[in-house]
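This one's a predicted model, so the numbers in the text were calculated from it and none came from an experiment.
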Amino acid sequence: MEDEKPEDFKRELGLLDGTMLVVGSMIGSGIFIVSSDMVRQVGSAGWLIAIWVLTALLTIVAAVSYGELSAMFPKAGGQYVYIKEAYGKLIGFLYGWSFFAVIQTGTIAAVGVAFSKFAAYIYAPLSDENILFEMGYFKLNAAQIVSIITIILLTYINSRGVKNSKILQTVLTVIKISSLLGLIIFGFILGAKAEIWNANWTHAWESKALDVSNGSWLPISGTALLSGFVAAFVGSQFSSVAWEGVTFIAEEIKNPKRNVGLSLFLGTLIVGFIYTMANVMYIAVLPLQDIATAKSDRVAVVASQVIFGGMGTLIIAVMIMISTFACNNGLIMAGARVYYTMAKDGVFFKKAANLNSASVPEWALWAQCIWASTLCLTGKYGALLDFVVIIVLIFYILTIYGIFILRKKMPNAERPYKAFGYPFLPMFFIVISSIISITLLITKTSTCGWGVFIMLIGIPVYYLTKPKE
């Protein structure tokens, strides 16, 4: 048959492409926004930087641990495959179900919402205050429409083949890294003031929380400090997720046994360094009070106005639009490969297992697009963050514990690369992330609870849709 569809992906991505996918998927909107709420939670320069450094270390530990799994199973679907191999089909399905229902689509929606937030700086009618339609509790605003249009456009580009999305990803990510480094360097040269820096570091470890109602700071310690620390960690953690996306496209990467793990390490190292330095720059340029009370949490905008004057707002708006656009391109590209692999295993819609003439899973891409667009209509950036982070953490923990299981289950399997610092570093990640997950469930039950509830709905869905054997 002449128009027969391809059965296999094309290996068109090298080490640079893989690394740019990791960096591009990680750096979205978070680094420009979340530090404001983080300072409100912990109230000190020392704690703010400590949380970012801890997040960077945990992310690099997790990424290099995934290197062992990616070398063992260099297949499309990445993390889904690792979980299925370690725990069996049910837990694999729960990950895939959560990935489609919450993790990937929720992140795409949150990043799309952030894109529109900053597009409104350039053209005010695009803001979320411009209500276009109202019916009962439901309000449709211009920002939601902008978010959805960007998701549809990127899905279309990705449906035309991996080469187009690869070029777009690499170019936008290089621009993104350069502009962020530029912001950091100019921040230190033009905006840093010794008196602000000294004042912020004078009581570096005195933790306090901001009472938003009257603008006063309240000292915190003990359990209040722990819950503040965890609430702050949500922001830095959300800014540091999606690095595992490169594992989903392993079948499109040249020499995946080497390049997937190396992309994970290099990408997370680059992002960890940039994020930490960006926050050091914020502390050098702005008093903590200004970071905590930045309008709509746009801390990067406030910093940029100090550094560049009136043009600052515009510079940051353009930077964030490029950043979020590239981020969503990476998320959309990677996500569809998980549904493709699930469909091959018979636990997702059959049509998702088909590749189009450009060797990409087009049906899976559009299914993801429709659900992510629906989530854009549901809510605010902050709620989407909590919703996503708890599930991401749970599956990071399970995946890394899967290394311990697979070492026992498959002792003789080929392992071209072994997890760095095993068993201590992977266990360190599991312990810290478990403490954070439990605290999140206790302190943010309304949003995190819903995320876990949606994940657990996957259990009856699995048994109801499981093919009869």
Side-chain angles (χ1 to χ4, degrees), residues 26-59 110-111 113-114 117-118 176 179-181 183-188 191-193 196-197 199-201 203-210 212 215 217 220 225 228-241 271-307 312-313 315-317 319-320 323-324 327 380-382 384-386 389 436:
M26 286 178 75
I27 304 176
S29 51
I31 188 59
F32 304 99
I33 298 170
V34 298
S35 297
S36 189
D37 183 60
M38 291 171 72
V39 170
R40 287 199 294 275
Q41 303 291 347
V42 293
S44 80
W47 283 111
L48 176 69
I49 300 303
I51 292 168
W52 281 103
V53 170
L54 176 65
T55 306
L57 287 174
L58 286 173
T59 305
V111 173
V113 167
K117 229 184 199 185
F118 287 89
K176 186 195 301 198
S179 53
L180 252 173
L181 286 173
L183 178 67
I184 293 164
I185 291 162
F186 280 115
F188 286 126
K193 292 184 178 67
I196 289 174
W197 175 262
N200 284 342
W201 285 103
H203 303 290
W205 302 102
E206 282 185 18
S207 42
K208 3 184 230 301
L210 183 69
V212 184
W217 292 92
I220 52 170
L225 175 58
F229 185 94
V230 170
F233 184 83
V234 168
S236 59
Q237 179 64 43
F238 179 80
S239 306
S240 306
V241 298
V271 174
F273 172 76
I274 289 174
Y275 280 0
T276 305
M277 292 312 297
N279 280 277
V280 172
M281 183 272 288
Y282 292 152
I283 290 167
V285 170
L286 299 169
L288 284 177
Q289 184 79 20
D290 290 4
I291 297 175
T293 56
K295 190 183 176 190
S296 301
D297 288 356
R298 294 165 181 148
V299 61
V301 170
V302 181
S304 194
Q305 285 165 341
V306 171
I307 300 162
T313 308
I315 289 167
I316 285 292
M319 269 179 69
I320 295 178
S323 183
T324 48
C327 179
K380 298 269 192 298
Y381 186 77
L384 285 165
L385 255 61
D386 295 343
V389 163
I436 287 163

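Note that CD1 of Ile31 and OG of Ser240 are 8.0 Å apart. Values are rounded to the nearest 0.5 Å. The structure places OG of Ser44 at 8.5 Å from CD of Glu206, a figure rounded to the nearest 0.5 Å. To the nearest 0.5 Å, the span separating CG on Asp297 from OG on Ser29 amounts to 11.5 Å. Ile315 contributes atom CD1, which lies 9.0 Å from atom CD1 of Ile307 (distance to the nearest 0.5 angstrom). Within the model, atoms CG of Leu58 and CD of Gln237 stand 7.5 Å from one another, a figure rounded to the nearest 0.5 Å. Distance check: Ile283 CD1 to Leu48 CG gives 5.0 Å after rounding to the nearest 0.5 Å.
Within a 6.0 Å sphere centred on CZ of Phe188, heavy atoms belonging to other residues, nucleotides or ligands number more than 12.
When every heavy atom of Met281 is checked against every heavy atom of Leu183, the shortest pair comes out as CE-CG, 3.8 Å. Across every non-hydrogen atom of Tyr282 and Ala300, the tightest pair is OH-CB, 3.6 Å. Here the closest heavy-atom approach between residue Gly30 and residue Ser239 is recorded as CA-OG, 3.4 Å. Considering every non-hydrogen atom in both Ala56 and Gly272, the closest pair reads CB-CA, 3.8 Å. Pairing each heavy atom of Ala209 with each of Ile220, the nearest pair is CB-CG2, 4.0 Å. Contact detail for Ala110 and Phe238: the closest heavy-atom pair is CB-CZ, 3.9 Å.
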Candidate pair Thr324 and Phe118, rule side chain to side chain contact (heavy atoms under 4.5 Å, CB included), full reasoning: CA-CA 10 Å; Thr324 48; Phe118 287 89; over 6 Å; no
Side chain to side chain contact (heavy atoms under 4.5 Å, CB included) between Ser36 and Arg298, worked out: CA-CA 7 Å; Ser36 189; Arg298 294 165 181 148; over 6 Å; no
Step-by-step side chain to side chain contact (heavy atoms under 4.5 Å, CB included) determination, Ile51 to Met38: CA-CA 9 Å; Ile51 292 168; Met38 291 171 72; 3.6 Å; yes
Derivation and outcome, side chain to side chain contact (heavy atoms under 4.5 Å, CB included), residues Trp52 and Ser35: CA-CA 9 Å; Trp52 281 103; Ser35 297; 3.7 Å; yes
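Taking the side chain as every heavy atom from C-beta outward, Thr59 and Tyr275 never approach each other to under 4.5 Å. Considering only heavy atoms from C-beta on, Phe32 comes within 4.5 Å of Leu180 through its side chain. Residues Ser304 and Phe186 are not in side-chain contact: their nearest non-hydrogen atoms beyond the backbone lie 4.5 Å or more apart.
Here the options are Val42, Ile436, Val389, the test is side-chain contact (heavy atoms from CB on, under 4.5 Å), and the partner is Phe233; only Ile436 passes.
Here the side chain of Asn279 pairs no donor or acceptor atom with the backbone of Ile49 at under 3.5 angstrom. Formation of a donor-acceptor pair under 3.5 Å by the Lys176 side chain with backbone atoms of Ile27 is found in this model.
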Just distance, no hydrogens or angles: give the donor-acceptor pairs under 3.5 Å from side chains in residues 284-295, sequence neighbours left out.
| from | atom 1 | to | atom 2 | distance (Å) |
| --- | --- | --- | --- | --- |
| Gln289 | OE1 | Trp217 | NE1 | 2.6 |
| Thr293 | OG1 | Gln289 | O | 2.6 |

